[in-house]
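Worksheet for the structure shown next.
These values consider heavy atoms only, across backbone and side chains, with no hydrogens, waters or symmetry-generated copies.
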Amino acid sequence: MKTSFLTNCLGILGVGLATLASTSNAKEKNVGFLYTMDNASAGNHVLVITRIGGALSVTASYATGGLGLGTAPGLGSQGSVVLSPDSQWLFVCNAGSGEISVFETMPGGELQLTDKVGSGGGQPVSLTLQGSLLYVLNVAASGSSDNVTAFHFGCGNLTLLPGSTRPLSAASTTPTQVSFSRGGDALVVTEKVTGLIDTWLLGHDGMATEHQVFTSVGKWPFGFAVGRGDQLFISEAAAGAPNGSSVSSYELSTSGSLAVISGKVPTEQTAACWLVLSYDGHYVYTANAGSASISGFRANWDGSLELLNNPSLPAKTGMHPADMTLSHDGQMLFSLNNGDGSVSAFDVNCDGGLEPKSGLTGLPTTSAGLAAW
C-alpha cells in the first residue's frame with residue numbers, strides 16, 4: 001500500500017498515551033469492554049458491555065446518528081462493528097440509513113461520536129480497516145447494487161476515496177464479509193447465495209484492481225478470518241444439509257488467486273456462519289447458528305484444518321450465536337446470541353477448548369456486531 005495511506009495522525013497509527021494508560025489499567029483490574037449495536041430502525045445505538053472479573057453488564061448506550069434495520073436476528077453479516085488495532089476508534093454500520101459512524105473510545109469504555117458519513121451504497125454490513133484505509137461492504141437496496149467502497153480515515157473522520165466503488169460478481173449476491181489480507185495488499189469478500197469468493201489487489205493509492213471470482217468449495221461461504229501467510233479460513237453454512245456445515249482453508253497468492261488447502265472440513269453442527277481465528281493462529285472457531293454451539297478446529301502451520309477432539313467442544317451458547325470476538329489478550333471468547341438477546345463467554349484453554357463463564361442476557365434480538373478490548 002502506498003506510504004501516504006499508512007501515514008496518518010497519531011490516533012490511528014500509534015496507540016495514544018491515554019489509550020495505553022487505559023488499556024494497562026484495564027488489564028491490571030481485569031476490566032474489559034465489548035461493543036455491539038442494537039440495530040434499531042428508529043435510531044441505531046452502540047451498547048457498551050463492561051467486563052469486571054467474570055461479570056458482564058450493559059453500562060452505556062450511545063446513539064450512532066443513523067438507523068439500523070430493526071431486523072431479528074441481526075444483520076446476517078460479519079464485521080458490522082469493528083475496532084481499530086489500537087482500540088482507540090470504533091466503526092459502526094448503520095444499515096438502515098446507509099451510513100458509517102465513527103466513535104473515539106475513552107479510558108472507561110465511554111464513546112464520543114466523531115463522524116458519520118454515507119457508505120457509498122445501499123446497506124453497509126461489514127467493515128475492514130488497514131492503516132488509514134477503510135473498506136465497506138454494501139448490500140443492494142433501493143435500486144443499488146452490491147459493492148465495496150473505500151474511505152480514508154484520519155483523526156476521527158472518514159473521507160470517501162473518489163472512484164473506489166467496485167461491484168461484486170452480480171447486482172445482488174447476499175454478501176457477508178469484507179476483509180483485507182494480512183499485509184493489506186488484497187481485499188476479499190464472501191458471497192453467500194452465489195457461493196462465490198471475490199478478491200481484488202490493492203494499488204498504492206488504495207484502489208481495488210484485478211477483480212477475480214472463485215467458486216467456494218462448500219455451500220454458502222459466510223464469515224472468514226485471515227491467518228499467517230495469507231491463509232483464509234472460511235465458514236460454510238450449507239443451508240438445508242443436516243449437520244452439513246463446514247470450514248475450508250485457502251492460500252491467497254500475491255496475484256489474488258485462491259488455492260484450496262483443506263476443503264469442507266465438517267463442523268458436525270448446523271449453519272456455521274460466523275468465524276474467528278485465535279490471535280496465535282492455532283485455532284479456528286465457528287458460531288453454529290442452527291445448533292446453538294461453537295465448534296473448534298486446529299489450524300496447522302500449512303493451513304490445513306482438523307476438528308478438535310475436545311470434551312468441551314462443541315460449546316453450547318444461547319440461541320442463534322452470531323458475531324464472535326476475542327478479548328484483547330485472546331484469553332476469552334464471546335459470542336453474541338441474537339436469537340435470545342444474550343452473550344456467551346468462554347475462557348480459551350491452551351488446548352483450544354472453551355470453558356463456559358457467566359454471560360449476559362437482556363439484549364435486543366435485533367443486535368448485531370461484536371468487538372472487544
Side-chain angles (χ1 to χ4, degrees), residues 1 5 8 11-12 34-37 39 44-46 62 64-69 74-105 111 113-139 141 146-154 156-161 164-166 168 175-182 184 186-191 198 200 202 206 208 222-226 274-276 322-325 336 367-373:
M1 231 175 249
F5 268 96
N8 200 359
I12 188 66
L34 287 79
Y35 302 99
T36 187
M37 62 174 165
N39 188 33
N44 197 12
H45 299 81
V46 174
Y62 296 90
T64 66
L67 306 178
L69 286 181
L75 287 178
S77 65
Q78 181 163 306
S80 57
V81 175
V82 298
L83 273 168
S84 60
D86 60 13
S87 298
Q88 188 175 355
W89 305 99
L90 184 74
F91 304 86
V92 181
C93 291
N94 300 301
S97 55
E99 297 166 316
I100 306 166
S101 295
V102 183
F103 292 87
E104 184 175 9
T105 64
L111 300 175
L113 182 66
T114 62
D115 200 12
K116 178 173 65 76
V117 299
S119 68
Q123 297 175 352
V125 296
S126 181
L127 303 166
T128 187
L129 178 71
Q130 179 79 18
S132 60
L133 184 65
L134 180 139
Y135 263 89
V136 56
L137 172 63
N138 289 299
V139 172
D146 297 343
N147 73 52
V148 290
T149 298
F151 294 81
H152 179 263
F153 178 67
N157 297 108
L158 288 171
T159 303
L160 178 69
L161 190 60
S164 64
T165 297
R166 299 289 184 267
L168 304 189
T176 53
Q177 185 182 352
V178 61
S179 181
F180 287 103
S181 61
R182 181 59 66 94
L187 197 69
V188 180
V189 167
T190 43
E191 301 179 4
D198 301 83
W200 293 263
L202 293 174
F222 200 104
F224 66 95
V226 183
W274 290 264
L275 182 147
V276 296
D323 297 86
M324 293 184 292
T325 191
L336 171 66
S367 297
L370 192 64
W373 70 271

Report the residues that fulfil side chain to side chain donor-acceptor pair (under 3.5 Å) with [X], sequence neighbours left out, ordered by chain and then residue number.
X: Thr165; value: Thr149
X: Glu191; value: Ser169, Thr194
X: Ser101; value: Asn94

For [X], side-chain contact (heavy atoms from CB on, under 4.5 Å) partners two or more places apart:
X: Thr159; result: none
X: Ser367; result: Thr36, Leu336, Leu363, Pro364
X: Ser80; result: Met37, Leu75, Ser77, Cys93, Ala368
X: Ala208; result: Tyr135, Arg166, Trp200, Leu202

Query - Identified side chain to side chain contact (heavy atoms under 4.5 Å, CB included) partner of Val178 from the options Val136, Val125, Leu137, Leu168 - result: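 Among Val136, Val125, Leu137, Leu168, the one meeting side chain to side chain contact (heavy atoms under 4.5 Å, CB included) with Val178 is Leu137.
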Please name the pair of heavy atoms, one in [X] and one in [Y], separated by the smallest distance, quoted to 0.1 Å.
X: Asp323; Y: Gly79; answer: OD2-N, 3.9 Å
X: Gly68; Y: Asn44; answer: N-CB, 3.7 Å
X: Ser87; Y: Thr105; answer: O-OG1, 2.6 Å
X: Trp89; Y: Glu104; answer: CZ3-CB, 3.5 Å
X: Leu134; Y: Leu127; answer: CD2-CD2, 4.0 Å

Query raised in the report: Is the closest side-chain heavy-atom distance between Phe151 and Leu161 below 4.5 Å?
Result: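 The answer is no, as the side chains (C-beta and beyond) never meet within the 4.5 Å cut-off.
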Query raised in the report: Are Val189 and Val148 side-chain neighbours, meaning at least one heavy-atom pair lies under 4.5 Å?
Result: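 Sidechains of Val148 and Val189: in contact.
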Requested in this report: Give every residue pair that meets the salt bridge (charged side-chain N to carboxylate O under 4.0 Å, His left out) criterion with at least one member in residues 114-139, sequence neighbours excluded.
Outcome: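 For residues 114-139: Glu99-Lys116.
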Query - Stepwise side chain to side chain contact (heavy atoms under 4.5 Å, CB included) check, Leu129 with Phe91 - result: CA-CA 9 Å; Leu129 178 71; Phe91 304 86; 3.8 Å; yes
Report task. Please name all residues satisfying ring pair (Phe, Tyr, Trp, His ring centres under 6.0 Å) with Phe224, sequence neighbours left out, ordered by chain then number. Result ->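 Per chain and number, Phe224 pairs via ring pair (Phe, Tyr, Trp, His ring centres under 6.0 Å) with no residue.
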